[in-house]
Amino acid sequence: DKFDGIGRNRRHSKLGYRKVDIEDRIFMFLIRMRRHYPFQTLSCLFGVAISTVEEYYNELLLLFYEVLVPRLVYPL
């Protein structure tokens, strides 16, 4: 079968292929914000699909604007 060797070097989690831990997700987000790396480059750097990088980025971007920005503008 031509797909036998695909994905053999990837680590497995209990839910499938390797997931990116929260520290790497934040690091990925900050790289994108600061250096404007394309999603394809981040995908290669972190070893995940481009769609995964986009999902993580959008998830953290939403969290950033909903939680962090209001706390910076209107501190407790």
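When reading the values below, keep in mind they use all heavy atoms of this one structure, side chains included, and skip hydrogens, waters and symmetry mates.
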Fill in: Arg25 to Tyr56, cation-pi by 6.0 Å centre distance and 45° axis angle
yes

Practice prompt. Heavy atoms only: give me the nearest Ile50-Ser43 pair and the separation to one decimal.
Written response: N-OG, 3.5 Å

Discussion item. A quick test of your reading: do over 12 heavy atoms of other residues, nucleotides or ligands sit less than 6.0 Å from OH of Tyr57?
Written reply: yes

Worksheet item: Linking I/L/V/M/F/W/Y whenever their side-chain heavy atoms sit closer than 4.5 Å, directly or via other members, would Leu62 and Leu30 fall into one cluster?
Response: no

Fill in: side chain to side chain contact (heavy atoms under 4.5 Å, CB included) partner of Phe29, chosen from Leu60, Asp24, Leu42
Leu60

Discussion item. To the nearest 0.5 Å, what is the distance between CG on Leu45 and CD1 on Ile31?
Written reply: 6.5 Å

Practice prompt. Measure the CZ-CD distance between Arg71 and Glu66 for me, rounded to the nearest 0.5 Å.
Written response: 12.0 Å

Item to complete: Using a 4.5 Å cut-off on heavy atoms from C-beta on, say whether the side chain of Leu68 contacts that of Leu63.
Response: no

Worksheet entry | Phe39 vs Arg32 side-chain heavy atoms within contact, under 4.5 Å | yes

Discussion item. Do Met33 and Val67 land in one hydrophobic cluster if side-chain heavy atoms of ILVMFWY residues count as linked below 4.5 Å?
Written reply: yes

